[in-house]
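Here's the structure we're looking at; comments come further down.
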Amino acid sequence: MDSRIPKPSSGVPQKKPAGNNLFDFATINKFDDIKNKKAENESKKPLNELGINVMGQFKFTRSKSPDVQRSNQLTMPKLRRSKSSADLTMSRPTLKRMQTTVENVPTKRFKPTGSIVKPQINAFKNPSQEKKNAILTTMKSSGLLTNAVKKPLIKSSSTEGPKSTLTKTATVNKTVSSVQPAKVANKPKIAPYDFKARFHDIKERYDILKAKSDQQKEHISTLEEQCENFDSREKELLDKIEKIEQELFDATEEREKLIIEIKALKSTNKGLTLKNAALSADLNVTSEQFETTKRSLSELTRKHDRQTIDYEELQRTSGTMKHDYEEASNKLLLSQDQLYQINIERKVLHNMVLDLRGNIRVFARVRPPLQTEEDKMLCGWSFPDEATLEILSNEISGSKKLKHDFSFDQVFDPNTAQDEIFEMVSPLIQSAMDGYNVCIFAYGQTGSGKTFTMDGHEGKLGIIPRTVKLLFDSIKTADILGWKYTIKASFLEIYNEVLYDLLSNENKDVEIRMANARNKTEIYVSNLTEVEVKTAARLHELMIIARSNRATAATAGNERSSRSHAVTRIELTGQHSSKPETLVGMINLVDLAGSESPKTSTRMDETKNINRSLSELSNVILALVQRNEHVPYRNSKLTHLLMPSLGGNSKTLMFVNVSPFQDCFTETVKSLRFAATVNSCKLAKAKRNRQMNQSSVF
Ligand SMILES: Nc1ncnc2c1ncn2[C@@H]1O[C@H](COP(=O)(O)OP(=O)(O)OP(=O)(O)O)[C@@H](O)[C@H]1O
């Protein structure tokens, strides 16, 4: 019968023996039920990441040895939601106490080792199926899984065979024997018929078993109480584990983040290291530069100190100079004022001189024969004084040679140089700058030297280029005196009584028109190109252009330059910088067409026009001499154009050019006679073109 006593802690449901209620199997089963229910509850808990019932696994480890617990403690941080009450039960210290009474019950069901349990637990935290299989294989090979998982507990119990059962029975018997005296073993056999003895024997055994049963009940009650303690303890531990797991989870996540962060920081560190190296190199260079700059700075500082001293000295000097400058400025203003007054006086005196000389003056010039003309017969020339010339014909007319005397304002013999000529002309240019109209023209037979006198050529410049040079030189001087001048130039040609603009190739209508209906002497030329010139070089350029256009107009069979009048007009406007005065002067430089006798001319129309215009010029001058009311300016283009320069507001200079040759004698005498007549015309005192903006200066 002892062998049939069920093992109270096996958890295996036992059949209650019929008619022999030696143990309170209900109580034992109740205990097992509690265990099984716990196991069931645990099994209902969520599966781990591998889908394995975590509590079922840990159920195997509940009866593990302390090694397992230690192993679990070591691996505890790696656990994830795999705890179960069974696992906690495993760590209950009271189990040991239970083992003292029912020691064979849990230990015979499983014999796991710490080394096996460790990977098993680790496997639950790893979600991969491969790892799970590996763990299962390990457990199988160790025999743990075979007993623990594959086989139900009841089978395990049964497969352990009678040996296990016997052991348990022996343990129970051992316990029972501690209650019952040893005399039972030595009791004599009772005869089968001795029912009384048998009854007593059975009763005695019953009492023993009853006592044993009570003892077991009491023990079970203690166990239940312990179970309840375990439950609360388990709950606490579960909470704790859950908390630890959460912390672990957070820590893992934090760790992963930190790893990523560390990687990033490493990368950044690498970059920073490179940057640092580059910066160090730069720093070295910069340090060197800094040292150099520092040295330069100290040098500059020393220089600055020296210069500061110099500056202070200069400031003192500057103060003195400023004072001197103010004094000088005042003196200068006074001097300028005095100079202005002196200049006015000079102008007045200059004009007086010119007036005394005559408003129209005539200069006669005899040109020398050219190298190619050395064989030609010359007239007899003599120049008794600077204003008189005598011409003697080398051909006998009747019984005597013809001889003529002429007086002019000035006579230039063939040896007179260009600069000497201009020396006598320049006062008129100054007069133009003072605000007078000036007209200089060259009259004479073809080939007598008019163009040479007016234009000249390289190395022997004539009146026009010298006038230009003098004008710009005088402008500079006038600038010092406070006068600012603007110069405008235009170039005209009168051919066959038609006006041409020599600065333009356009075929346009160039006409002389009245500028003011009230004052009929004020004229202007329509469609005439007027160019403002700021340098002598520019004026020379314009002269070359005009000469070129004049030559272009001529044809091969019709040389025009000597058959037309060329007029160079220069307008001067002077403005004083501090005084309200403006001066306007006009210079007309005219190279007249060659006078020619109609008898010798091959181009009659041209000759007629030329002689007509020259005749009209003569008439105008004579009208002026005779102080006629009417002066026939408009009878020819030439006189009309020169009207402002031939009237009362002008100073006129006429060159009469003559050839030295005998064959020109008649024409020469004719020209000299005309010039002499003009010379006799003393025009009225010229009036200056003077505009007083505020008050009269003179
Ligand atoms: N005073 C002088 N000294 C040297 N050569 C001169 C002088 N005058 C004129 N000539 C020369 O005589 C020649 C004729 O002179 P120029 O052409 O000036 O005469 P012109 O009167 O202008 O003739 P035209 O009416 O045909 O234009 C030129 O070769 C010129 O160089």
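Nothing fancy with the numbering, it's 1 onward along the sequence. Atoms within a ligand are numbered from 1 in the order they appear, just like the ligands themselves. Predicted model, so just to flag it, every value in this text is computed and none were measured.
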Going from CD1 on Ile494 to CG on Leu492, what distance comes out if it is rounded to the nearest 0.5 angstrom?
7.0 Å
The criterion is ring pair (Phe, Tyr, Trp, His ring centres under 6.0 Å); which residues satisfy it with Tyr633, sequence neighbours excluded?
none
N/O of Leu592 under 3.5 Å from N/O of ligand 1, yes or no?
no
Just verifying a value: how many Å separate Glu571 CD and Asn588 CG, rounded to the nearest 0.5 Å?
10.5 Å
A student checking ligand 1 against Arg365 at a 4.0 Å heavy-atom cut-off should list atoms 1 (N)
Do Phe655 and Phe441 have ring centroids that are under 6.0 Å from one another?
no
Give a yes/no on ligand 1: does Lys460 have at least one heavy atom closer than 4.0 angstrom to it?
no
Which of parallel (below 30°), tilted (30 to 60°) and perpendicular (above 60°) describes Tyr340 and His576?
perpendicular
Is any N or O atom of Pro414, backbone or side chain, closer than 3.5 Å to an N or O atom of ligand 1?
no
Look only at interatomic distance and state if Gly449 has a nitrogen or oxygen under 3.5 Å from any nitrogen or oxygen of ligand 1.
yes
Test item, Leu370 contacting ligand 1 (heavy atom, 4.0 angstrom)
yes
Side chain or backbone, does Thr451 bring an N or O within less than 3.5 Å of an N or O on ligand 1?
yes
Measuring only between side-chain heavy atoms, which start at C-beta, is Leu539 closer than 4.5 Å to Phe472?
yes
Would you confirm whether Lys450, through its side chain, and Gln445, through its main-chain N or O, come within 3.5 Å as a donor-acceptor pair?
yes
Numbering as shown, the atoms of ligand 1 that approach Arg367 to under 4.0 Å (heavy-atom distance)
7 (C), 8 (N), 9 (C), 10 (N), 12 (O)
Any heavy atom of Gln418 sitting closer than 4.0 Å to ligand 1?
no
Does anything in residues 304-318 pair up under salt bridge (Lys or Arg N to Asp or Glu O under 4.0 Å), and if so which pairs, sequence neighbours excluded?
Glu313-Arg316
Under 4.0 Å from a heavy atom of Pro368: give me the atoms of ligand 1 that qualify, with their elements.
1 (N), 2 (C), 3 (N), 4 (C), 7 (C)
Show me which atoms of ligand 1 lie under 4.0 Å from any heavy atom of Gln445.
21 (O)
